[in-house]
Amino acid sequence: TGSSICGGGSATLTATGATGSQTYQWYAATTGGISISGDSTFTTPAINVTTTFYVAIQNGTCESLRTAVVAQVDPLPLPPVTTSASSCGPSTVITLSATGGSNGQYRWYSVATGGTAMAGEVNSTFTTPLLSTTTSYYVTINNGTCESLRTPAIATIIICTPNQPPNI
């Protein structure tokens with residue numbers, strides 16, 4: 001069984017069919033070469049393009065024909081372009097926005113890496129909770145297969161003084 005990964009990395013490929021004392025032999029070539037693994041699953045080295053590996057069953061004396069198994073690398077979507085926003089003093093009505101995808105494809109995060117996307121926040125705009133300090137949020141585009149890199153959107157809280165004359 002082949003595997004798909006987003007943007008590159010290691011893929012896990014699986015083979016079935018061996019019985020008893022039979023083993024699997026994984027190869028990087030259609031014929032010849034040295035086996036690179038002997039288990040029913042094979043984790044590829046890091047790859048960044050779709051790559052075909054081959055597996056055979058070995059019974060101790062003979063080896064079957066090799067079967068092609070594809071490790072597919074799907075491209076990441078382009079990251080969204082964001083528009084930050086600001087408010088004078090603590091506010092809950094700071095709306096951040098992103099472009100580049102369609103509503104339903106966006107994923108908003110409160111951290112730059114890791115973490116879980118905020119539940120229900122899948123559209124191009126995000127309204128912050130009550131903020132009293134400048135806070136960064138991050139948004140991606142998820143095309144159903146892969147998710148883009150995160151782009152920051154900043155909700156800036158400006159400390160304003162009532163009736164303060166403008167700076168000239």
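Residues P77 and C146 have side chains in contact (heavy-atom distance under 4.5 Å, counting atoms from C-beta outward).
Under a 3.5 Å cut-off, the side chain of T41 and the backbone N or O of D39 do not form any donor-acceptor pair. The backbone N or O of T61 lies less than 3.5 Å from a partner atom in the side chain of N59, making a donor-acceptor pair. Here the side chain of T44 pairs a donor or acceptor atom with the backbone of A11 at under 3.5 angstrom. A donor-acceptor contact shorter than 3.5 Å is absent between the side chain of Y24 and the backbone of V55. No side-chain donor-acceptor contact under 3.5 Å links S3 to the backbone of T1. A distance-only check finds no donor-acceptor pair linking the side chain of Y137 to the backbone of W108 [under 3.5 Å]. The backbone N or O of S148 sits nowhere less than 3.5 Å from a side-chain atom of R107 that would complete a donor-acceptor pair. Side-chain atoms of N123 never come within 3.5 Å of backbone atoms of T125 as a donor-acceptor pair (strictly under, hydrogens ignored). Within the 3.5 Å criterion, the main-chain N or O of L149 finds no donor-acceptor partner in the side chain of Y138. T151 contributes no side-chain N or O that, together with a main-chain N or O of T82, makes up a donor-acceptor pair within less than 3.5 Å.
A pairwise comparison of heavy atoms in Q25 and S35 identifies OE1-OG, 2.7 Å as the closest pair. Minimum interatomic distance between Y106 and V139 (heavy atoms only, all atoms of both residues): CD2-CG2, 3.9 Å. Summarising the geometry of L76 relative to E147, their closest heavy-atom pair is CD2-O, 3.3 Å, with the distance given to 0.1 Å.
In L130, the CG atom is crowded: over 12 heavy atoms of neighbouring residues, nucleotides or ligands sit closer than 6.0 Å.
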